[in-house]
Amino acid sequence: MTGVTLNQTIKRYGQTQVIHGIDLEIEDGEFCVFVGPSGCGKSTLLRMIAGLEETTEGQIYIGAREVTHQDPAKRGVAMVFQTYALYPHMTVAENMGFGLRMNGVAKAEIDRKVQEASGILKLDQYLKRKPKALSGGQRQRVAIGRAIVRGPEVFLFDEPLSNLDAELRVEMRVEIARLHNEIGATMIYVTHDQVEAMTMADKIVVLRDGRIEQVGAPMDLYRDPDNKFVAGFIGSPAMNFLDCDIVDGQVTHPAITQPLPVPASVPLGLSRVTLGIRPEHIQVDRSGDTCTVDLTEALGGVSYSYLLTSNGDKLIVEEREDERSKQGTRIGISIRPERTMLFDPETGLRLR
Ligand SMILES: Nc1ncnc2c1ncn2[C@@H]1O[C@H](COP(=O)(O)OP(=O)(O)OP(=O)(O)O)[C@@H](O)[C@H]1O
Ligand SMILES: [Mg+2]
């Protein structure tokens, strides 16, 4: 088994550069998740590792081997895509064994590997079926099985669950996590789904415009983001941001009524600062009247209230369902200084 190393990797399509010199170390056996807005380069980076996109500059290593310009089939990686791309005229077993058959592997060996993979993925009873007689989740399991039988050192997943309905996604998420525990291979996984990223990853890589914003364990990114972008990207609903003035050593905003002293991390002379606070870290003060409750959403155990502050800023507050604020009423908020984060309004960098 092996890790993956990217060294100053760059991707250009003609004049357009989409990956800007990425350095990244993925450990042997690690589950690494790429997240970031649409178009930030997640798939491109994954396809560069797979060898499906030429790397313009820099190097890619799988273990100690440099693979930058190596043929995809020789890299020891297997990729699972969003669309399963199964052969409709082949059975599940034939689909799973197809790659091995093309490589001239003996039939007995193919059968053994298909049996083993279908055991892991609970596909045994479907081996003789054609893809059209399977559900979406079962088809995606076949696509994963096709990757497993190749015995890759590194698995690459590009949003493998995004075509599945919510319930199946949860089921498959757990199965992929179990698969990782069982076979222990290095896995790199692209997703848009916050919950997948938070629950599956050993390490999350947050990308933006072809650059890495931050790399870290899920809870480290959540609790201790380096900048406003990561703070706003990790966590759902997203962190609230308020543009505040600094007046007489206090962080001030019309919705904040309690004292919020400027910490030592804020450079002298700064007159404005962006305050970040998560929806779950704001307490509603029923006796206050600095905010209007614009809308409430009940999700079951919790609810979210969308507030408008007197100067027109928006805030989302998490409340217990049985204490939900009433739409149209006025309330105040209270926040604890240690739950807030401050960012430089110009650079977005965390002030800490
Ligand atoms: N063949 C190409 N020529 C020029 N630009 C391209 C080409 N393929 C991709 N790009 C650009 O590269 C950037 C990264 O695309 P990529 O598909 O990696 O994004 P992504 O993060 O996977 O997005 P999504 O979340 O929507 O899948 C995008 O701005 C895209 O327009
Ligand atoms: Mg993509």
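Atoms within a ligand are numbered from 1 in the order they appear, just like the ligands themselves.
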Evaluate the criterion side chain to side chain donor-acceptor pair (under 3.5 Å) for residue pair Gln250 and Thr252; output intermediate values, then yes/no.
-> CA-CA 6 Å; Gln250 298 286 322; Thr252 63; over 6 Å; no
Flag yes if more than 12 heavy atoms outside Arg101 fall under 6.0 Å of its CZ atom; otherwise flag no.
-> no
Starting from atom 15 (O) of ligand 1, locate the nearest protein heavy atom and write down its residue, its atom name and how far away it is, to 0.1 Å.
-> Thr44 OG1, 3.5 Å
In sequence, state the C-alpha distance, the side-chain angles, and the governing distance for Arg178 and Glu175, and then conclude on salt bridge (Lys or Arg N to Asp or Glu O under 4.0 Å).
-> CA-CA 5 Å; Arg178 188 185 302 126; Glu175 280 187 34; 5.1 Å; no
Distance col, row Thr9:OG1 vs Ile49:CD1, nearest 0.5 angstrom, shows 8.0 Å
Return the option from Gly41, Ser38, Gly14 holding the heavy atom at the smallest distance from atom 19 (O) of ligand 1.
-> Gly41
Any N or O on Val18 sitting closer than 3.5 Å to an N or O of ligand 1?
-> no
Take the Mg ion (ligand 2) as the centre and count protein N, O or S atoms at distances under 2.8 Å.
-> 1
Let me see the working for Glu213 and Arg208 under salt bridge (Lys or Arg N to Asp or Glu O under 4.0 Å), right down to the final yes or no.
-> CA-CA 6 Å; Glu213 288 283 318; Arg208 180 197 196 183; 3.8 Å; yes
In a table with atom names and distances, give each donor-acceptor pair under 3.5 Å that connects a side chain of residues 260-276 to protein atoms at least two apart or in another chain.
residue : atom : partner : partner atom : Å
Ser265  : OG   : Leu351  : O            : 3.4
Arg272  : NH1  : Asp245  : OD1          : 2.4
Thr274  : OG1  : Asp243  : OD1          : 3.3

Backbone N/O of Gln70 and side chain of Arg75: donor-acceptor pair under 3.5 Å | yes
Do Asp285 and Ser334 have side-chain N/O donor and acceptor atoms under 3.5 Å apart?
-> no
Please step through salt bridge (Lys or Arg N to Asp or Glu O under 4.0 Å) for the pair Lys42 and Asp158, ending with a clear verdict.
-> CA-CA 8 Å; Lys42 302 178 295 294; Asp158 195 352; over 6 Å; no
Ser236 versus Gln194, side-chain donor and acceptor atoms under 3.5 Å = no
Spatial distance of atom CG (Asn163) from atom CG (Leu168) [nearest 0.5 Å] | 11.5 Å
Any donor-acceptor N or O pair under 3.5 Å, side chains Asp294, Gln327 | no
Flag Gly39 as yes when one of its N or O atoms lies below 3.5 Å from any N or O atom of ligand 1, and as no otherwise.
-> yes
Considering heavy atoms of the protein only, find what lies nearest to atom 17 (O) of ligand 1 and give residue, atom and distance to 0.1 Å.
-> Ser43 CB, 3.8 Å
Got an N/O contact under 3.5 Å between Leu45 and ligand 1?
-> no
Non-hydrogen atoms of Lys11 versus ligand 1: any pair closer than 4.0 Å?
-> no
Could you check atom 25 (O) of ligand 1 against the protein and tell me its nearest heavy-atom contact, residue, atom and distance included?
-> Lys42 NZ, 2.7 Å
Are Gly36 and ligand 1 in contact, using a heavy-atom cut-off of under 4.0 Å?
-> no
Mark up the atoms of ligand 1 that fall under 4.0 Å of a heavy atom belonging to Glu159, in ascending order.
-> 25 (O), 27 (O)
Might you check, step by step, whether the distance between atom 30 (C) of ligand 1 and some protein heavy atom is under 4.0 Å?
-> no
Nearest-contact summary for atom 3 (N) of ligand 1 - protein heavy atom, Å | Tyr13 CG, 3.3 Å
